[in-house]
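I have placed the structure first, in the form of structure tokens, so that the comments after it can refer back to it.
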Amino acid sequence: MNLGITVTGAILVAVCASPIVYFVASQKNHNKNLVQSLKKLAAQYDHTINQYDICAHMIIGLDITSSMLYLIKQKGDEIEQHAISLKEISAATLETHYAKNNNLKVIERLGIRFLPKNGHVSDVFWEFYNTDDTFQLNGELQLTQTWIERINKVL
């Protein structure tokens with residue numbers, strides 16, 4: 001009797017735990033692929049990544065020695081790749097667009113605005129969050145704020 005209960009309990013635990021184990025393993029694989037993609041992008045410019053952060057379906061990284069910043073963002077089947085030399089940038093600022101919803105300010109778009117040193121060159125905007133892509137913020141605000149601080153230290 002006790003053996004039957006033990007076997008049944010073990011089977012139930014295995015069935016309940018398997019989706020969690022699968023999710024964690026697939027997330028690690030996804031993150032590993034993002035890091036590899038970022039390193040390949042930097043290698044195209046003959047650079048190496050010193051710092052990087054992953055948030056949801058994007059990765060941002062910096063090569064400190066060359067002052068190059070990279071971003072890879074996945075939107076479904078599309079992959080956006082961006083690279084910018086911080087030597088040509090005077091400042092990086094947080095840009096947030098709000099939508100009003102019943103007297104509440106809701107973030108609609110969020111990103112980093114790069115202001116160039118040369119006034120004849122237009123600003124560059126890297127989008128980290130858009131309500132058209134996802135409905136809920138998933139750490140993008142914190143990631144954006146952290147990287148603005150890092151970028152402005154390099155500048």
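Keep in mind it's a predicted model, so treat the numbers as computed, not measured.
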Open item on the list: What's the separation between atom CD1 in Ile112 and atom CG in Asp123, rounded to the nearest 0.5 Å?
Closed with: 13.5 Å
Open item on the list: Contact between Met68 and Ile84 at the side-chain level, heavy atoms closer than 4.5 Å - yes or no?
Closed with: no
- [ ] State the CZ-CD distance between Arg109 and Glu95, to the nearest 0.5 angstrom.
- [x] 6.5 Å
Task: Side chain proximity check, Leu110 to Leu137, heavy atoms < 4.5 angstrom - done: yes
TODO: Could you tell me whether the side chain of Lys117 and the main chain of Lys87 form a donor-acceptor pair under 3.5 Å?
DONE: yes
TODO: Answer whether the closest heavy-atom distance between the side chains of Leu62 and Ile49 falls below 4.5 Å.
DONE: no
Open item on the list: Would you compute the distance between atom CD of Glu127 and atom CD of Glu140 and round it to the nearest 0.5 angstrom?
Closed with: 10.5 Å
TODO: Salt-bridge test for Lys75 and Asp132: reply yes if a basic N is under 4.0 Å from a carboxylate O, no otherwise.
DONE: no
Open item on the list: Taking the side chain as everything from C-beta on, heavy atoms only, tell me whether Val106 gets closer than 4.5 Å to Tyr98.
Closed with: no
Task: Closest contact, heavy atoms only, His30 versus Ala56 - done: NE2-O, 3.5 Å
- [ ] Could you check if a side-chain atom of Gln74 sits within less than 4.5 angstrom of a side-chain atom of Leu34, using non-hydrogen atoms only?
- [x] yes
Task: Side-chain (Asp63) to main-chain (Thr48) donor-acceptor, under 3.5 angstrom - done: yes
Task: Note, Leu94 side chain near Thr96 side chain (heavy atom, < 4.5 Å) - done: yes
- [ ] For atom NZ of Lys32, decide whether the heavy atoms of other residues, nucleotides or ligands shown that lie under 6.0 angstrom number more than 12.
- [x] no
Task: Parallel, tilted or perpendicular: rings of Tyr45 and Tyr70 (30°, 60°) - done: tilted
TODO: Calculate, to the nearest 0.5 Å, the distance between atoms CE and CD1 belonging to Met58 and Ile60 respectively.
DONE: 9.0 Å
Open item on the list: Measuring from atom CG of Leu141 to atom CD1 of Ile107, what distance do you get when rounded to the nearest 0.5 angstrom?
Closed with: 5.0 Å
Open item on the list: Would the distance check show the side chain of Asn152 and the main-chain N or O of Ala92 forming a donor-acceptor pair, the cut-off being under 3.5 Å?
Closed with: yes
- [ ] Decide yes or no for Glu80 and Trp126: does some side-chain heavy atom of the first lie under 4.5 Å from some side-chain heavy atom of the second?
- [x] no
Task: For the student: nearest non-hydrogen atoms of Leu41 and Ile72, plus distance - done: CD2-CG1, 4.0 Å
Open item on the list: Within the structure provided, determine whether Tyr129 and Asn138 are in side-chain contact (heavy-atom separation under 4.5 Å).
Closed with: no
TODO: May I ask you to check whether over 12 heavy atoms, not counting those of Lys40, lie within 6.0 Å of atom NZ?
DONE: no
TODO: Write down the atom of Ser90, the atom of Pro116, and the distance for their closest heavy-atom approach.
DONE: OG-O, 3.6 Å
- [ ] Look up atom CG in Leu71 and atom CZ in Phe128, then write down how far apart they are to the nearest 0.5 Å.
- [x] 5.0 Å
